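Here the structure is laid out as C-alpha cells; the discussion comes afterwards.
Quick caveat, the model's predicted, so the values are computed rather than measured.
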Amino acid sequence: MKKSELKDIIGVEEYSLVICEKPEAARKISEALSDNKYKTMKIFNANVFLVTYKKRNYVLCSAIGHLYTLNLIKKRQKLPRYDYSWVPISKSIKSRAKMVNARIKVIEKLSENASEFILACDLDQEGETIGYNILKYACKEKQNVAKRVKFSTLMEDDIKRAFANMDNNININLAYAGLTRHAIDFLYGMNISRALSRAFMTSSKKYRTLSIGRVQGPTIAYVVENELLRETHVPLPFWSINTYINSIKNESGKWIKIHYIEQKILKNKNAKTILDDCKGEQALVEKIEESSYKINPPIPFNLSGLQKEAFRLYKLNPYQTLSIAEKLYLNAFISYPRTNSQKLPHNLDCRRIILELSNLSEFSDVANKLLKKQHVSPTQGKESDNAHPSIYPTGKTIISELTDTEKKIFNLIVKRFLNLFREPSIGKKRDIYFKIGKYDFYTSFKRTTDQGWNENSSKKEAMIDLAVGDELKIKRMKIVENFEEPVSSYNQMTLVQKMEKEEIGTKSTRANIIRTIIDRTYVNGNELTPTELAKALVNTLKNYSPEILSAEMTKRMEENLREIENNTITSEQVIEKTKKDIDSIIKSIQENDKNIGRVLITATDKLNNKPVTNKPLGKCTICQEGNLIITSNSKNRALVCSRSMKDECNMKSPLPKFGYIRIQKNGCIKCSWPKIRTSYKGKPWNFCSNPECKNKERKK
DNA sequence: GCAAGGTC
C-alpha cells in the first residue's frame, strides 16, 4: 500500500493517532466523541475509525491486547539465558500470526502520517506497557512524545473529559515497571523450567515439559500442602448433645430441637455428666429476645463474583465461566467481563437497560416493578478497577442464538443486575434461651416479613409462642459422637479464590494457570489433588528455589515495581538482581541434576499407577505397640506414636518441614527412639527423632 | 519447549 492510497482511504490530511487496547474500546471511544457519526475503514482486515471532535481529526486504531512478547534471541544451549528481546507475538504463536501482524502493519502505516500520538489503552500497568511497546516498535520511538488519555469507564462523559484533559506524556515509569514484570517472569520461568526439564533428561534420556513460574509455583504448593494436611489428618472425636423438647406447655405438641451452648464437647466424660445431670429436669424458658433483620440486595458482579455464583449454582468451573462471559461480551450482551470492579458507572442509563430487559419474559415482572419506581439506584460493592466497571447487561435481549449454558450465565447476570435496584429483604428473629438444670440451651426462629429482592428468603417459619418461665418436657436427649473432618481438597473455584486471597495471578489468568498445571499433570482434574510429580517437584524446589513456591516473591516483585514507578530504583537494577538470583538457582540445580532427575522420574513413573496410599510408617520403636504417624498443621509437622494421643506413649518429635520421611527399621542405639531418613538439599540425611538424644546430628 | 499477562 502506498502513502497516497492510505490518504485516500482515510480522507484527511492531518490527524492524531489514538491507540486503544482492544477493538471494542476503539469503537466505543469513536461513538462517544462523534455522537455516533464516525467513519469506519477496513485496513488489512482491521477496523479503523475516523472522528472529528472539536475540529480535530482523530484516527482510532486498536491492538488486541499485547502485540509484542519476550523472546530468546538465539538458539543456544547453556543456561542461564538472559538474551531476550521484544518481538511481535506472531513469532512465538503461529496461530495468532496473521491477526497480530495485520494490526501491527495497520499501526505502522497510520503512524507514518500522524501528527500526534495518543495512548488510550486500559488505565493500568499492562495497558501502559502494551501502549509503550506499540509506540516504540510500531510507531518508531514515539513513547516519549505520545500523550495519554485517562478514563476509567467507556461512558461518553468520561471519554470526553479525558480528551479535554489529556496528559502530555504517557506514564513512562509505569511502563518500565510493566516491562520489568514481563522480564522477571520470563527469565525466572524460562530458565528454571528449562533447568528442571534438563535435569529430568539427564537421567531419563526422554524429554518432558516441566514448568514453573512465579504464579504456578505457589499454586502447585498450595495444592501439595493441602494434600499433606489431608494425608496426615487425625480425626479427633468430639461430642454434642442432641436435644428435643416439647413445643407447648404440658401438652403433646410438636417437638423442637434446641442446642447446648457448646457445639463441640471435647471430652466424652463431660458430655455424659451433662446428660446425667439433666435427667428428670425440665427445660425452663429463661429469656426471649426479639429482633428484626435486614438483608440488603447483593452487589454488582466482578469476574470472580460471577465465577463463584456460576460454580455454586451450575458447577461451572472458573475457566468455563470466563469463556462464556467473553463470548457474551463479544456478542454485545454484557459489558467487559475481565474486571475487578463491583461498581456500576455512575452515569450508566440503568432505566434504559431495565426497560430493555423487561422484554425477557422471565424477568418482565421484576423489571416492570422497578420501572414504576421514581428513581432507581443500584447497590455498589467495595472493589474497584481503574480500567473497567463491574459486569452488567447491555440491554440486548435477542437470546435465541445462545446455548443453554450461555443462557444460564446471561440470566445470572441479568438477575443480579435487576436485584441491585430492589428493596432489602426484612424479617423477624426470636432467640429463646433455656435452662435445663444448670445448663444453658437455646434455639432461634426466623420469619420473613417482606422478602424484597430475596425470593429464596426462608419461608414463613412458625414462631413458637413461649413465655419466660414456661417449663417444657424433654422429649429426647442423647450424646452424638462426631469426628473432626480433614480440610477439603481444592476445586477449581476454591483454588482461584485462594490465589485471589494470596494476590497472585490476575482476574484474566488465574483460571488459565490452573488449566496449565492440570495439563502438566501436576494436579488431577476435578478434585484438585496433587500428583506424585507435583509432590516431588515441590520437594525439589523447596531445596533449590523456595522463593518461586511462595507468594512472597510476587509481593517483593510488586514492591520493586512500585519503586520503578516512583523512580526510586531503575528497571536495570531490579533485573540485575533477578539475574543474580537465577544464577545461583541454576547453578545449584545443575550441580544436583542427577538427584533431581531421579526423583522426578520416579514420580512420573507413578503417574499412571494408583497413587500410593498413606502407608503406615512402622511400629513405634519405644512402646513397640503404637503406629508411627505424621501429624501436621500449616506450619509444622511432627512424628508421633498413635498411643501418644491417649498419653500411653511419649514418642513425639518435630520433623523437618519438607521432604519425604522414612523410618529406619531399628531405633536409635542410644535411646531407641525411631531413626528418621530424609534428604536435605538433595543429600540423604539420617538422624534420631529424640530431641534430647545425645547421639544425634540434627539440623535446623 | 519453557512464564505471565493482555486479548481474539
Side-chain angles (χ1 to χ4, degrees), chain A residues 20-26 45-47 62-72 75-77 79-81 84 86 89-90 92-103 121-134 175 177-201 206-220 322-323 325-327 329-331 336-339 387-388 499 504-517 519-520 537 548 553-554 557-558 561 578 582 586 589:
Chain A
C20 308
E21 186 160 323
K22 43 187 167 281
E24 183 64 16
N45 219 18
N47 278 335
S62 86
I64 32 179
H66 281 286
L67 297 183
Y68 297 87
T69 188
L70 287 171
N71 195 30
L72 292 171
K75 293 257 177 286
R76 263 198 271 130
Q77 283 305 308
L79 294 180
R81 304 236 357 224
Y84 65 89
W86 285 94
I89 277 186
S90 50
S92 48
I93 305 167
K94 294 245 155 53
S95 59
R96 300 278 319 271
K98 255 189 161 173
M99 207 157 48
V100 169
N101 272 335
R103 293 280 164 171
C121 288
D122 288 358
L123 201 53
D124 52 28
Q125 182 175 287
E126 287 305 317
E128 214 74 10
T129 310
I130 289 168
Y132 174 95
N133 278 336
I134 291 171
L179 295 168
T180 311
R181 202 277 304 150
H182 280 265
I184 292 172
D185 281 335
F186 184 75
L187 294 176
Y188 255 95
M190 290 296 174
N191 279 303
I192 301 179
S193 299
R194 281 180 180 210
L196 290 170
S197 302
R198 285 189 196 174
F200 186 90
M201 239 191 315
K206 265 193 298 188
Y207 176 79
R208 186 188 182 99
T209 298
L210 292 168
S211 68
I212 197 71
R214 176 178 54 82
V215 182
Q216 279 184 42
T219 309
I220 300 163
L322 176 56
S323 308
E326 275 169 352
K327 193 181 161 194
Y329 159 72
L330 291 172
N331 289 305
Y336 188 74
R338 291 184 214 100
T339 176
H388 306 282
M499 295 167 80
I504 55 166
T506 71
K507 56 202 181 298
S508 327
T509 59
R510 290 183 189 116
N512 281 302
I513 284 169
I514 292 174
R515 256 176 84 106
T516 303
I517 63 175
D519 288 349
R520 299 262 188 277
L537 184 75
I548 210 165
M553 180 179 169
T554 296
M557 182 193 75
E558 281 172 354
L561 298 185
T578 301
I582 295 171
I586 295 295
I589 292 181

inquiry  = Between His388(A) and Ser211(A), which residue's closest nucleotide on DNA chain B lies nearer the 5′ terminus?
reply    =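 Nearest nucleotide further toward 5': that of Ser211(A).
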inquiry  = Assuming nearest nucleotide by heavy-atom distance, tell me which of Asp185(A) and Arg198(A) is located more 5' along DNA chain B.
reply    = Arg198(A)
request  = Grab the CE-P distance between Met201(A) and dC2(B) for me, whole Å please.
outcome  =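 Distance check: Met201(A) CE to dC2(B) P gives 12 Å.
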ask   = Rounded to whole angstrom units, what separation is found between the CD1 atom of Ile220(A) and the C1' atom of dA4(B)?
value =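 Computing the Ile220(A):CD1 to dA4(B):C1' distance gives 14 Å.
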Does OP1 or OP2 of [N] have a side-chain N or O of [X] closer than 4.0 Å?
X: Arg214(A); N: dG5(B); result: yes
X: Ser197(A); N: dC2(B); result: no
X: Arg181(A); N: dG5(B); result: no
X: Ser508(A); N: dG5(B); result: no

Looking only at the side chain of [X] (C-beta and beyond, no hydrogens), which of the listed nucleotides [options] gets closest?
X: Thr506(A); options: dG6(B), dA4(B), dT7(B); result: dG6(B)
X: Lys507(A); options: dG6(B), dC8(B), dC2(B); result: dG6(B)
X: Gln216(A); options: dA3(B), dT7(B), dG5(B); result: dA3(B)
X: Arg194(A); options: dA3(B), dG6(B), dC2(B); result: dC2(B)
X: Met190(A); options: dC8(B), dC2(B), dT7(B); result: dC2(B)
X: Met99(A); options: dA3(B), dC8(B), dT7(B); result: dC8(B)

ask   = Going by the salt bridge (charged side-chain N to carboxylate O under 4.0 Å, His left out) test, which pairs reach into residues 209-220 of chain A, not counting sequence neighbours?
value =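 Sorted pair list: Asp185(A)-Arg214(A).
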inquiry  = So if I take residues 126-134 of chain A and measure heavy-atom distances to DNA chain B, which residues fall below 4.0 Å?
reply    = Glu126(A)
